[in-house]
Amino acid sequence: MSGPADSIEIQNVVASTGIGQELDLEALADDLPGADFNPDNFPGLVYRTQDPKAAALIFRSGKIVCTGAKSIDDVHDALGIIFDKLRELKIPVDDEPEITVQNIVSSADLGHNLNLNALAIGLGLEDVEYEPEQFPGLVYRMDEPKVVILLFGSGKIVITGGKRTDDAETAVEEIVERIDALGLLG
Amino acid sequence: RLRKWQERIRTKDAGERNLQFALSEIDRMASALGVPRSVREVASVIYRRALNEDLIRGRSIEGVATSALYAACRQEGIPRSLDEVAEVSRVPQKEIGRTYRYISQELGLELKPVDPKQFVPRFASALDLSEEVQAKATEIIDVSAEQGLLSGKSPTGFAAAAIYAASLLCNEKKTQREVADVAQVTEVTIRNRYQEQIEAMGFR
DNA sequence: GCTTTAAAAAGTAACGT
DNA sequence: ACGTTACTTTTCAAAGC
């Protein structure tokens, strides 16, 4: 059975962690090749890993935000690289810092074009934001799982706000069911 | 106790002044947009409801007033684009859109998506186009919307393309630039929507 | 609320050629 | 009239203004 759920692709994973140690970002900016640090602009130092491709925001408190990774494994790999780089610089890093996934962005394809006008009314104007003058996607806030889904006329969708890998799958099954019940799924 | 009394009066006066300012701003912007008095009244009601439900806290009075007017135009079936509303407001378009979404949600306005057909009479008359062109543009919008071409597209661009196509079909040709100017969209957008609509109509 | 980072979706806009 | 780049929307953490 190949359905919309099989078309789900994780596009971005955001996670947070901490090394349990305060950092001197000025010194770190000098010691870490490729680091971007503009304290006037933003308090975090930006460091990008190449493989896996990800970007980390490193803060004075030792807390770190990792974003841009394509999977949870990639988040762990990217942060592992960063932890090792810090240890190389003689900065004490906790043995296994706890990594918390904060947000997962996925895309999927429902396989049919969507009439967004009919969908806005069918799904309930109170739960829908559809302002094509400002953005071509219909914004649907789902309570369970608690995610936000962007639906497009092409049938392509974006699921964001989930913290678990299977939130996207559950959400896609749910939205397909709701659209189908309205008779709006081609 | 006297101080408390004075503060109440001060707060009440400040509130009155703010309300008066908001209502006069709605009036000023409505005049500039050329919307009828009934729409200004609807906008005033929306503003007062937002005020009563404490939706203005953390937002600018002008932003809420502008959004109330934008919402009122839609509710009354004579929408103005965010661009048009932003032109007569001192609030940036982005804030108007954000504030509109907020008050619309909180007040449960439940306004349907803007229908491109609602822009046809105003745009067409600004271009001195006949009743016949308007009817044709309306037909083009209906036919292409039924074929699913409207999803995700800007209502103003969709209306502009239909008017351009109708002006050609009725031998009252307007250039893409002329139509683009009144609808405040680019010629590129008109061209793109026009091509799809002509195909939907079975021409080509 | 803002600042920064990443990513997808599709439409619109503004460049330069 | 191309092509490219960039902006719109959503989500989330971080520290500080």
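Computed over heavy atoms, backbone and side chain alike; hydrogens, waters and symmetry mates excluded.
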Below the 4.0 Å mark, does [N] have OP1 or OP2 next to a side-chain nitrogen or oxygen of [X]?
| X | N | value |
| --- | --- | --- |
| B:R59 | C:dG1 | no |
| B:R98 | C:dC2 | yes |
| B:S154 | C:dG11 | no |
| A:R48 | C:dA6 | yes |
| B:T189 | C:dA13 | yes |
| A:S107 | C:dA9 | no |

Do the side chains of B:N192 and B:T189 get nearer than 4.5 Å, heavy atoms only? no

Side chain proximity check, B:Y47 to B:I61, heavy atoms < 4.5 angstrom: yes

How many Å lie between [atom1] on [X] and [atom2] on [N], as a whole number?
| X | N | atom1 | atom2 | result |
| --- | --- | --- | --- | --- |
| A:I58 | C:dT4 | CD1 | C1' | 13 Å |
| B:K153 | C:dA9 | NZ | P | 16 Å |
| B:Q195 | C:dG11 | CD | P | 15 Å |
| A:F42 | C:dA6 | CZ | P | 11 Å |
| B:Q176 | C:dT12 | CD | C1' | 15 Å |
| B:K94 | C:dG1 | NZ | P | 12 Å |
| A:L138 | C:dG11 | CG | P | 14 Å |
| B:Y102 | C:dG1 | OH | C1' | 13 Å |

For A:S106, answer base if it contacts any base atom (sugar-phosphate contacts may also be present), sugar-phosphate if it contacts only those atoms, and nothing otherwise; contact means non-hydrogen atoms under 4.0 Å. nothing

Heavy atoms under 4.0 Å, any strand shown: does A:G137 hit a base, just sugar-phosphate, or nothing? nothing

Considering all heavy atoms of both residues, which atom of B:V120 and which atom of B:A137 are nearest to each other, and what is their separation? CG1-CB, 4.3 Å

Closest listed nucleotide, where the reference is the side chain of B:V185 and the choices are C:dA13, C:dA7, C:dG11: C:dA13

Quick check for you: among C:dT3, C:dA10, C:dA8, whose closest atom lies nearest to any side-chain atom of A:S154? C:dA10

Is the NZ or CZ atom of B:R59 both under 6.0 Å from the centre of the six-membered ring of B:Y102 and within 45° of that ring's axis? yes

Can a salt bridge be assigned to the pair B:E139 and B:K136 using a cut-off of 4.0 Å between side-chain N and carboxylate O? yes

Can you tell whether the side chains of B:R37 and B:E41 come within less than 4.0 Å, N to carboxylate O? no

Give me the distance, rounded to whole Å, that separates [N] from [M] when you measure between the [atom1] atoms they each carry.
| N | M | atom1 | value |
| --- | --- | --- | --- |
| D:dC2 | C:dA8 | C1' | 26 Å |
| D:dG3 | C:dA7 | C1' | 24 Å |
| C:dA9 | D:dA1 | P | 27 Å |

Exercise: do B:Y164 and B:R191 side chains pair donor with acceptor under 3.5 Å: no

Outermost DNA chain D nucleotides near chain A [under 4.0 Å, heavy atoms]: D:dT8 to D:dG16

Given DNA chain D, 5'-ward residue of the pair A:S61 and A:V14, judged by closest heavy atom: A:V14

Neighbour count above 12 (heavy atom, 6.0 Å) for B:R177 CZ: yes

Assign each of B:R193 and A:V65 the nucleotide of DNA chain C bearing its closest heavy atom; nearer the 5' end lies the nucleotide of A:V65

